[in-house]
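Order of the sequence lines fixes the chain letters, A, B, ..., with proteins taken first and strands second; residue numbering starts at 1 for each chain.
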Amino acid sequence: MINDILKYGIMYVVLVLVQVLLINNVQLGGIYSPFIYILFILLLPFDTPRYLLLILGFLLGLTIDIFSNTPGIHASATVFAAFLRPGVLMLISSRDNYEPGSAPRISTYGFEWFLKYAVILILAHNLFLFFAEAFTLHGLFHTLLKAIINSFLSIILIVLSQYLVFRK
Amino acid sequence: MRNLLRFLAKYHAVFLFVFLEVLSITMIVKYNNYQHVKFLNSSNRVTGGIYNGYWGVAQYFSLKELNNELAEENAKLRSELMREELSKIGNDAPQHDSLYRQNFFFITAKVINNSVNRAHNYILLNKGSRHGIKPDMGVVSSDGVVGVVTNVSKNYSTVISILNNRLKISAKIKRNNYFGSLTWDGGDYRKAELDEIPFHVDVAKGDTIVTSGYSAIFPEGLMLGTVSDYSLQGGSNFYKITVNLSVDFKNLVYVDVIQNKTRDEILKLESTDENDQ
């Protein structure tokens with residue numbers, strides 16, 4: 001338990017720093033920069049209580065917001081993704097049940113399962129985020145396109161990270 | 001009462017979700033009054049410190065270009081100094097006249113965080129109130145106008161960049177002095193739009209756009225960009241003018257914050273006018 005808290009604590013700090021110091025400076029095509037920090041929400045253990053998911057999502061989003069001067073935008077989108085997570089897990093369960101105490105990992109549940117899981121949540125996160133940002137700006141189609149392209153980049157990065165960094 | 005508690009316990013996640021979303025969206029909406037958010041921005045001590053440390057490492061990678069830029073700027077300044085000296089020989093009368101007092105002073109600062117890819121872009125500078133920076137001061141680089149200071153802490157300040165649709169800058173066409181307002185539309189970081197230029201005005205591609213000086217923030221005649229394209233929409237009385245921004249926001253390193261010595265005087269005078277209306 002203590003071990004887990006420490007592990008996820010480090011993951012939180014590292015993901016935030018990687019996001020704000022590295023990835024936010026890499027802008028593909030001038031305007032797209034993938035969001036990797038949502039990985040923290042994706043990788044929390046299966047038996048994380050729903051309220052904890054939401055609170056962690058809010059804190060994570062808010063941290064990113066404070067670094068990028070966008071109060072509320074990342075927070076709202078990450079809370080939304082955290083809210084959807086239990087439902088999505090239920091929807092795509094490959095077996096009858098997930099092993100209690102374990103976490104969603106590509107090594108245990110396979111590439112196809114993880115891709116499905118990541119695509120749904122990342123798409124939801126990006127769509128919510130770009131529409132929250134657009135609020136007062138841009139047409140519908142433009143925002144939609146931007147969100148989808150950005151989700152695609154995020155998915156590639158997150159799936160790759162599973163093979164490079166998070167394998168056991 | 002027991003039923004109520006059971007109901008709350010059963011749907012606690014939904015309630016928490018709605019509560020957190022309302023909180024976040026309030027933040028998004030409130031932030032439109034960007035002056036009022038005092039602490040939830042990157043000029044606070046922790047985030048400012050992290051960015052500053054990061055910049056300490058990252059700056060080594062751009063030292064070469066930076067040197068070139070500084071050398072160029074030195075050369076330019078030296079040449080201007082020369083011209084000044086030469087003109088003095090002709091008439092030295094106004095030099096000590098208090099009417100010709102210098103109004104604008106510059107504080108040089110380093111950019112330690114910057115973005116161009118969001119709908120609302122902000123820049124973080126490594127100087128703050130300790131160095132004399134206050135909200136609503138203009139910020140320029142050697143190429144032209146960059147933005148306006150919004151929040152100031154002791155050692156850092158945030159600047160709302162031209163690449164932010166919440167900022168409008170009063171601008172004019174240098175050639176014929178017609179003025180309008182310059183805004184960014186959220187797309188390309190090298191282009192902005194100039195509105196409110198009436199259709200009878202003679203506009204041409206390549207016309208220089210400069211600040212109008214109709215505010216206490218920027219002096220008149222600072223470079224903003226050049227006209228890259230213009231069109232007249234059917235039925236409209238105003239041109240839609242696209243401007244190539246002169247500042248490259250992607251490689252901004254050193255900027256100057258403009259201190260206007262007569263700002264308070266101007267604002268005071270303007271506020272008496274408002275009272276009349």
Novice: Answer whether the closest heavy-atom distance between the side chains of B:M27 and A:D65 falls below 4.5 Å.
Specialist: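 The answer is no; the side chains never approach within 4.5 Å.
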Novice: Name the region of A:L53, side chain, backbone, both or neither, that has any atom closer than 4.5 Å to a heavy atom of chain B.
Specialist: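 Neither part.
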Novice: Output the distance between atom CG (B:L20) and atom OG1 (A:T78), rounded to the nearest 0.5 Å.
Specialist: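 Rounded to the nearest 0.5 Å, the CG-OG1 separation comes to 11.0 Å.
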Novice: Crowded around A:Y12 OH? As in, over 12 foreign heavy atoms under 6.0 Å?
Specialist: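 Enclosed: over 12 neighbouring heavy atoms sit under 6.0 Å from OH of A:Y12.
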Novice: How long is the span from the CG atom in B:N113 to the CG atom in A:L21, to the nearest 0.5 Å?
Specialist: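 B:N113 CG to A:L21 CG: 8.5 Å, rounded to 0.5 Å.
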Novice: Which bit of A:Y51 comes within less than 4.5 Å of chain B, counting heavy atoms only: side chain, backbone, both or neither?
Specialist: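 Interface part for A:Y51: both.
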Novice: If every non-hydrogen atom of B:A13 is compared with every non-hydrogen atom of A:F83, which pair is closest and at what distance?
Specialist: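 Minimum heavy-atom contact is O-CE1, 4.2 Å.
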Novice: Check whether more than 12 heavy atoms from other residues, nucleotides or ligands sit under 6.0 Å from atom CZ of B:F15, and answer yes or no.
Specialist: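 Count over threshold, so yes.
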Novice: Below 4.5 Å, heavy atoms only, C-beta onward: do A:L54 and B:H12 meet side chain to side chain?
Specialist: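 Not in contact.
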Novice: Identify the two heavy atoms, one from B:E21 and one from A:S76, that lie closest to each other, and give their separation to 0.1 Å.
Specialist: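 Here B:E21 and A:S76 meet closest at OE2-O, 2.7 Å.
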Novice: Classify the angle between the aromatic ring planes of B:F17 and A:F80 as parallel (below 30°), tilted (30 to 60°) or perpendicular (above 60°).
Specialist: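 B:F17 and A:F80: tilted rings.
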